[in-house]
Each structure stands twice: as structure tokens, then as C-alpha cells.
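I'd like to ask you about the structure that follows.
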Number of protein chains: 4
Amino acid sequence: MLVRAKTFTESGRRAQIVEAAIEVIAEVGYAKASFTRIAKHAGLSSTGMISYHFAGKDDLLAVCVAEIERVTGAFMQPRIDAAEGHVAQLRAYVEANVALVGEHPAAVRALIDIVKNRAARSAAVDGRLALFEEHFRAGQAAGVFRPFDARTAAIALTTGLDAVVVTAATDPPGPAELARIGRELADLYVRATAPEAEGGTR
Amino acid sequence: MLVRAKTFTESGRRAQIVEAAIEVIAEVGYAKASFTRIAKHAGLSSTGMISYHFAGKDDLLAVCVAEIERVTGAFMQPRIDAAEGHVAQLRAYVEANVALVGEHPAAVRALIDIVKNRAARSAAVDGRLALFEEHFRAGQAAGVFRPFDARTAAIALTTGLDAVVVTAATDPPGPAELARIGRELADLYVRATAPEAEGGTR
Amino acid sequence: MLVRAKTFTESGRRAQIVEAAIEVIAEVGYAKASFTRIAKHAGLSSTGMISYHFAGKDDLLAVCVAEIERVTGAFMQPRIDAAEGHVAQLRAYVEANVALVGEHPAAVRALIDIVKNRAARSAAVDGRLALFEEHFRAGQAAGVFRPFDARTAAIALTTGLDAVVVTAATDPPGPAELARIGRELADLYVRATAPEAEGGTR
Amino acid sequence: MLVRAKTFTESGRRAQIVEAAIEVIAEVGYAKASFTRIAKHAGLSSTGMISYHFAGKDDLLAVCVAEIERVTGAFMQPRIDAAEGHVAQLRAYVEANVALVGEHPAAVRALIDIVKNRAARSAAVDGRLALFEEHFRAGQAAGVFRPFDARTAAIALTTGLDAVVVTAATDPPGPAELARIGRELADLYVRATAPEAEGGTR
DNA sequence: AATGAATGAGGGTTCATTCAT
DNA sequence: CATGAATGAACCCTCATTCAT
């Protein structure tokens, strides 16, 4: 590769600021992640520097989200793709997401906090919601999920997953424990969505 | 009891401020719920009034949480108590919580927003988490829940419930739709926690 | 009068801030009249105090304009009303406006500077322009002004008047000199608008 | 002159910046004409370029003024020179200045805005003022103007002219309308300064 | 018990200017 | 010649809290 494309997170300072922002958000939370704190964390002398590199706070946050998704996607995507069938993919998604905590705890915590607090819902959160919903519908059509309300399930399960991930990320346990938690949660979700056994549940 | 004791949320002004705070948080969100906005909403001429009646923002918020829990508890508790057995109570809790949206949408939204944003975890959230966890453990001992990780399940299911509730509270549907959503979510949770059927995982 | 109505410039601090703002604008000009400077001039410890009393910079400026107009109107109106006929009133307006410099030099300079720089044209400037235009039209109908373009004349003569006033206000001369300048300018305007003499001008 | 000397506004980049600055000032006004905006308008990647070519903001502005005067002078001077006599020249100046709006509306608006806002009075504005004053005195000596206060008249008439020009430049009308306005204004000024007719005015 | 003015820190953003490359 | 990152001050505004009355 002769010419390396310059992605929008690169250019040195920009990347540095984004990284600092992610760490600060992971540390003190979205609400207290001010430019001042981010600048200090990044070793910058003034907040003006951030405004110089980003159009505003929303812009910075959007870039942070994009960067985190890039990093986490690189970790999760192969694991999900390796699974075959709707059920296995659901399990793979959940387990990969929990395992991700071991690799990028700050990024994971920051992402969830940003998404939770942003007024304008990012494409990220809505995208994942739609993805789950669609996945459930497709699985139902294929007969591997029972005919529950796909939207309600998508909301409950994605946010439940987030909560487990955040809890784990707050004080990251070892890989084995993470794997166990991932398996537990996947079990929960697989059973919640599984087709009726003979006798029913109620 | 002939004379009702004056609870600590009463005394006129205090109650008025708490009510205003809850409504403001429900309307504009925790982050933008400043004393100024709350005072304006309560018809107060200055924020000094709030500081006079409450030790600080944390105090006000704590009282708000307590008040909301009092109100919501009055709605939910009878419904939960009416259910017999761990499974039925789980279902009752979930359905009551969703139904609550129809009665107190502002309170419900405010509570979840406060709990989500408070640095210091309130006794409320931890209490409910412990409650669920304990409920799961007891049910497992009784053989009506399968032997999953009670803590992970408690985290995932309580927050999933919250998310469904918040979504519903944002634009509250009619009672019938709320009942349907409640049933859907309860189904999901009951199945997730149900003991193995004869043939494995279904 | 038993109960004195509280006008919107009163209440102590508000009036003090308005006064300080007017003086600062007169001194350093609209562009450099920051809250910081105004607060310092008013003996306030922080700019927050100004924001506490006024909704924003625009609000403060609007109140300044209103206050100046109140003060200047009290000076000019009787003098204008005392004149009879369109020509005499034109002369009276011009002379009163120039004489005003001797009474309220800062207010006069501030007003013109605000009006000149405000993006949103105030009712003040447009009002005066319309007033002049209407006055010219009425005088033309009465045959005491010649049939010139009333709008162009209104623009040129009001701003010319402003310029003379500002120049005089920069280093206010004595009343006699002000009276002379007022008379000179009034002469200019009266002649510019006078009906044709027998021989014509061109 | 075979080889044209390179004036100080030329040299490519400088001229480009000056042109951009004039356009930006005409568009958004003096107050909001920052280096950032000018650089963006000029297609420059940073404001450093401007600081590199000009000693400071005042310098840039001074060069802008000089450039505008060069351009406008080229339009107005021949028209003024073509007129004979003090009265005719006054008329020619006014009419040429208004007509100029049709040719260089941006330049005209920018010039007046700069002159209005600059703390340090430019040689330009003072020069024109002195020019008018001198012209009036000379005409008075020649008996073609009446013996008014030359300075007061110069102030009032030049700024009145500016105001008419700015108004016209804000939404430039066609040449015919401009010519009419110019004639109207010139009439006003010629009459204001004309010697007494037999009967007097007062 | 209540008021409302005052405080001082901190929020994000824009600015003209500088300087190493 | 030219770049663009860096600077540091200033901008208006909002905040929770305090305190004399």
C-alpha cells in the first residue's frame, strides 16, 4: 500500500482527543465529561484545541461513537459471522459483547453511557435495535424463535445486555468469568425466545 | 391510628417542590433539571427556596425517589402480593410495572432517569436488584426456576424491564396495549427462567 | 400617589446595570461592551449577576434603548410639541436633539451606537425613520415642503443628524455652541426641504 | 509607463485575501468578519495565512479600505471632474456615489461598515470630511454656497449620503432607480447649501 | 419560614495571533 | 513562501449554593 488513506479519526491530535474523551467518559461519566476535563486528560493546554479539531461537543461525541464501533465491530463481527443459524448468532452476539469487556472495558462503558445520554438517538442504538428486531422476525419466520413481540423483546434484551456489560466493565473480571457470564446471559436469551415445548409454560 | 404522622415529604412547600422536580425531570430529563427550572415549574420565585428545604441536589433527588417509590409501590405491591408462587410473582411484578406507565408516566420516567444518572447508586436500584436476585435464588431452591446465575439474570431483566417501561412511558399507549406489552415481557422472562422441559432446552 | 408603580428599569440593581451598560457603551463602543466590562463598571463581582437580572445581552440592550428613549423623550418631546407647523417642528426636533447632547451625552452616544450595530433593527430607529417620512409627506400635502422623495430624505437627514449629535457628544461643547450647531443643522434641513422660491434652484 | 509597478495590494495571495475580506464584511458585517470566516471564504485552510501576509487585523482592514477607495475612486473621480463649479461638483459627487452602488455594492457596503466601526478613524473618512468642508468653504468664498457652518454641514451630508448608499446597497435597485435616488439626494443637498433666494426661508 | 440577590466556578465556543515545520 | 496546530484570553451563559434580611 503506497498511499495510506487518512481516516477521519487520525491526524494525531484528533485521535488523541477522541481517545482522551472516551477514557474520560468511561471514568467520570457522560454528564461530567467536560471539554476542560478531556483537554486536561489529553495533555492539552486549552479547550480551544478541541473546538479547533471538532465542530462542537456533538461532533466529538459522534466521532467517539464511530471510533468505538469501529474497534468493537472488529472484535465482535468475526465471532458473529462464525455462527450459523439465528439462535447461534444470537448467542454469539451476546457472548462476544460480554467478552468484549475484557478487551476494551473503557470503550464499552463509554459507548453505553454516550448512547444512554444523547438527546439525539444515534444511528448506533437505533441500528442495533432494528437489527435485533429484524433478526427476531427472521428467526420467527424460520421457526427457530417463538412468535413473541419482536420489538418489545429487542428493547428488553439489548438493554439488559448493556447493563450486564456495564456492570462487568466497571470492574472487569478475568476472561473465564466473562465467558461464564456471557454464556449465562445467552442461555437466558435463547430460552426466552425458544419455540414452545410440548407442554407450554403457563 | 387516629392522627396521621406528617411524613417527611409533606409540609406543603416540600411536597410542592418534590412534585415539580419529578415533573421537570420527566419532561426535560435529569441532565437539564436545574434548580432554576424546577423553581420556575413550581411557581417559586427563586431557587433559594429549594436549597432552604433540601440539603442539596442529592437530597432533593433522594426524596423524589422515595416519593415515587411510595406512589408506585402503592400501585404495584397489591398486584404482586395477589400472586402466588415465585413464577406468578415474577410475572405479576413485570406486568404491574408496565401497567404502572398508564397511571404515573411522569413518575416512572423520572425515576428511571434519576437512577440511571446518579453517581451514588440509590438504595432503590440496589434494593430491587437484590430483591430480584433473592427471588430467583428462592425460586431456584423451590425448583420453579432453573439454576441460572441469579445476579446476571437480575441485572439483565430489571434493566430490560426499565427500558421497556421508559419506551412505553415516552408516549403512553392505552391500557390494553400496555397489558399486552406487559404480558409479552413477562412471557419472555418466565421462559428465560423456567426449568428445563424434558427434552433439553427446547 | 400611594403606591408607586415599579417600572421595569427599577429594582436597584437592574437600574444600576442599565446605567453602567449605557456608560460603557458610550465609552468603549458597542462592540467592546462585554458583560465583563459592564459588570466591572457597575461594581459587580461577576457577569453572572447581569445574566441573573436580564434574559440575555439582547434583553439588556433593549432595556438600555428603552431607558434612553424614556430619558431623551422627556427632554425632546415638550420642545417639539411647543412648535407649530411642520417646518417649525422639523426645526424643533433637530435643535432639541442637538441640545440633548448637553444633558445626556453618554445616553445619546450609546443609543446611536446600539442602533447602528444591532442586527435586529429596533422599533426605535425604524420608528423615527417612519416618523420623519410621514412628517415630510404630511408637510408636502400641506404645501410647506416641496415634493421631494420623502424616504430618501428621511434616511439622509436622520442619519446626518445622528452624526452631528455623535460628533458633538464625543467632546460636548457648551450650551451656546450646541444651540448654534442645532440652528445650523436645522437651517440646512429646512432649506433642503423648503418649497421652490420663485427663481428655482438649478 | 511601460512596466506597471506592483502595488502593495497585489502579489496574488494578498489580493485574494483582501477581496475575500471585502466580500465577507459586506455579507456578514464588520463585527462578524473574523479571520476564520475570511480564510474560509478565500479557500484558505488556515488563518495563519492571513497573519502571515498582514501585520494584523487593522492592517488588513486598512488595505481593504485602500483597495475599495482605489476601485471606487476610479468610478467616481471622472464623473466629479467632468462637473464644473462647486455646486455641480457637489451634485456630481452625490450622484456618482449613489450610482456606484450599481457597480460595486459589496465594496460600498464594506467600506462604510469598516469606517463606521473602526476605533481609529481612517484617513479615508477624515479625508472626505475635510474635502467636503474645504469644498463648502471654497464655494462660500465664490458666493455659490450660502454662509453655513461648513463643518456641521460636512458631517451631516457625508453621513446622510452614506446612509442612503448603504440602504440602496442592501438590496440594489436598477440603474434608473439609483439615478433617481442620486438626483433626489443631490437636490436636497444643493438646496440645503444654496444662497438665499430673495425672500429668505424663515 | 421565606425571600431573592449575590457568588464564583464552570460550561462550550470564538477569537487574533504565534511558531515550528 | 506556506502550513496548520497550538495558544490563551475573552465571550455569554448556567449552575448549585449562600446569606442578609
Side-chain angles (χ1 to χ4, degrees), chain A residues 11-14 16-17 31-40 42-61, chain B residues 11-14 16-17 31-40 44-61, chain C residues 11-14 16-17 31-40 42-61, chain D residues 11-14 16-17 31-40 44-61:
Chain A
S11 91
R13 267 289 185 268
R14 266 181 76 95
Q16 181 188 355
I17 293 171
K32 329 200 87 177
S34 66
F35 273 21
T36 302
R37 237 182 277 257
I38 294 169
K40 202 161 293 171
L44 269 40
S45 64
S46 85
T47 70
M49 203 62 251
I50 301 177
S51 289
Y52 174 75
H53 282 288
F54 299 88
K57 197 168 196 182
D58 276 0
D59 183 30
L60 171 57
L61 258 2
Chain B
S11 90
R13 272 282 186 274
R14 273 179 70 95
Q16 178 189 358
I17 293 170
K32 325 198 95 178
S34 66
F35 276 16
T36 302
R37 241 180 280 258
I38 294 168
K40 199 165 294 172
L44 269 41
S45 59
S46 99
T47 67
M49 196 69 265
I50 302 177
S51 289
Y52 176 76
H53 281 288
F54 299 88
K57 198 169 193 182
D58 276 1
D59 183 30
L60 170 59
L61 258 6
Chain C
S11 90
R13 267 287 185 269
R14 266 181 76 94
Q16 181 189 357
I17 293 170
K32 326 201 89 177
S34 67
F35 274 19
T36 303
R37 236 181 278 257
I38 293 169
K40 202 162 291 170
L44 269 42
S45 65
S46 83
T47 70
M49 204 60 254
I50 301 177
S51 290
Y52 173 75
H53 282 287
F54 299 88
K57 197 168 194 182
D58 277 1
D59 182 31
L60 171 58
L61 259 1
Chain D
S11 90
R13 272 282 185 275
R14 273 179 70 96
Q16 178 190 359
I17 293 170
K32 326 198 93 177
S34 66
F35 276 18
T36 302
R37 240 180 279 261
I38 293 169
K40 199 164 294 169
L44 268 41
S45 59
S46 100
T47 67
M49 196 70 264
I50 301 176
S51 289
Y52 176 76
H53 281 287
F54 298 88
K57 199 169 192 183
D58 276 0
D59 183 30
L60 170 58
L61 258 6

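The structure displayed is predicted, hence computed values, not measured ones. In what follows, chains carry the letters A, B, and so on, assigned in the order in which the sequence lines appear, proteins first and then strands, with residues in each chain numbered from 1. Any value given below was found using the heavy atoms of this structure, including those in side chains, with hydrogens, waters and symmetry copies removed.
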Note to self: Tell me the interatomic distance from C:I50, atom CD1, to E:dG8, atom C1', rounded to whole angstroms.
What the structure shows: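 Rounded to the whole Å, the gap is 15 Å.
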Note to self: Counting C-beta onward and ignoring hydrogens, is there a side-chain heavy-atom pair between D:I50 and D:K57 closer than 4.5 Å?
What the structure shows: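 Not touching, per the 4.5 Å side-chain cut-off.
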Notebook entry, point to check: Out of curiosity, B:T47 OG1 to B:Y52 OH, how far, rounded to the nearest 0.5 Å?
Noted result: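 The distance works out to 15.0 Å.
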Checklist line | Donor-acceptor under 3.5 Å (D:R37 side chain, D:K32 main chain) | finding: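 Confirmed, D:R37 side chain pairs with D:K32 backbone.
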Notebook entry, point to check: What is the distance from CD of B:Q16 to C1' of E:dA2, rounded to the nearest Å?
Noted result: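 From B:Q16 CD to E:dA2 C1': 13 Å.
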Margin query: So B:T47, base contact, sugar-phosphate only, or nothing? Heavy-atom distance under 4.0 Å.
Written below: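 Base, at least one base heavy atom under 4.0 Å.
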Notebook entry, point to check: How many Å lie between CG on B:L60 and C1' on F:dC15, as a whole number?
Noted result: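 Taking atom C1' of F:dC15 as the reference, CG of B:L60 is at 15 Å.
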Checklist line | Interatomic distance where NZ belongs to C:K32 and C1' belongs to E:dT14 [whole Å] | finding: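 That distance rounds to 16 Å.
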Check: Which pair of heavy atoms, one from D:S51 and one from D:F35, lies closest together, and at what distance?
Finding: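 Smallest heavy-atom distance, with atoms named: OG-CE2, 3.7 Å.
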Check: Can you find a side chain N or O atom of D:R13 that sits less than 4.0 Å from OP1 or OP2 on F:dC1?
Finding: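 For F:dC1, OP1/OP2 do not have a side-chain N/O of D:R13 under 4.0 Å.
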Checklist line | B:L60 and B:I38, any side-chain heavy atoms less than 4.5 Å apart | finding: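 The answer is yes, as the side chains (C-beta and beyond) meet within the 4.5 Å cut-off.
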Note to self: In this structure, how many angstroms lie between the C1' atom of E:dT17 and the CG atom of D:D59, rounded?
What the structure shows: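 It works out to 14 Å between those atoms.
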Check: Would one find a side-chain N or O of D:H53 under 4.0 angstrom from OP1 or OP2 of F:dC1?
Finding: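 So the side-chain polar atoms of D:H53 never come under 4.0 Å of the phosphate oxygens OP1 or OP2 of F:dC1.
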Check: Does E:dA6 have OP1 or OP2 sitting under 4.0 Å from an N or O in the side chain of C:Y52?
Finding: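 It does not, given that no N or O in the side chain of C:Y52 lies less than 4.0 Å from OP1 or OP2 of E:dA6.
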Item checked: For F:dA20, the Watson-Crick or wobble counterpart (both distances under 3.5 Å) ->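 WC or wobble partner is E:dT3.
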Margin query: Mind checking if C:F35 touches a base, just sugar-phosphate, or nothing, with heavy atoms under 4.0 Å?
Written below: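 Since only primed, P, OP1 and OP2 atoms lie under 4.0 Å of C:F35, the category is sugar-phosphate.
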Checklist line | Nucleotide E:dA5, atom P - distance to CG of C:L44 in whole Å | finding: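 My rounded result for the distance is 12 Å.
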Note to self: On DNA chain F, does the nearest nucleotide to B:G48 precede the nearest nucleotide to C:G56 from the 5' side, or the other way round? Give the residue.
What the structure shows: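 Comparing both residues, the 5'-ward one is C:G56.
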Checklist line | Length of the line joining D:I17:CD1 and E:dA16:P, which is rounded to integer Å | finding: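 Taking CD1 of D:I17 and P of E:dA16, I get 14 Å after rounding.
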Margin query: Does B:S34 reach a base, just sugar-phosphate, or nothing at all? Heavy atoms under 4.0 Å.
Written below: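 Sugar-phosphate: the residue B:S34, judged by heavy atoms under 4.0 Å, touches backbone atoms but no base.
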Check: With nearest nucleotides of DNA chain E determined for A:D58 and B:M49 from heavy-atom distances, which residue corresponds to the more 5′ nucleotide?
Finding: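 With A:D58 and B:M49 compared, the 5'-side residue is B:M49.
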Note to self: Can you see if the side chain of B:R37 gets near the phosphate of F:dC15 - specifically, an N or O under 4.0 Å from OP1 or OP2?
What the structure shows: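 Yes, within the criterion.
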Checklist line | Nearest-neighbour nucleotide for the C:T36 side chain, F:dC11, E:dG8, F:dT7 considered | finding: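 In terms of side-chain proximity for C:T36, the closest of F:dC11, E:dG8, F:dT7 is F:dC11.
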Checklist line | 5' priority, DNA chain F, between B:K57 and D:S46 [closest heavy atom] | finding: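 The residue mapped nearer the 5' terminus is D:S46.
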Margin query: Need one value for A:S45: base, sugar-phosphate or nothing, where a base atom within 4.0 Å counts as base even if backbone is also close, heavy atoms only.
Written below: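 Sugar-phosphate contact only - A:S45 comes under 4.0 Å of backbone atoms but never of a base.
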Checklist line | Integer-rounded Å distance: F:dC13 C1' and C:I38 CD1 | finding: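 Those two atoms, CD1 and C1', are 14 Å apart.
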Notebook entry, point to check: Counting N and O atoms only, with roles assigned by atom type, does the side chain of B:R14 sit under 3.5 Å from a partner on the main chain of B:H53, one being a donor and the other an acceptor?
Noted result: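 A pair under 3.5 Å: yes.
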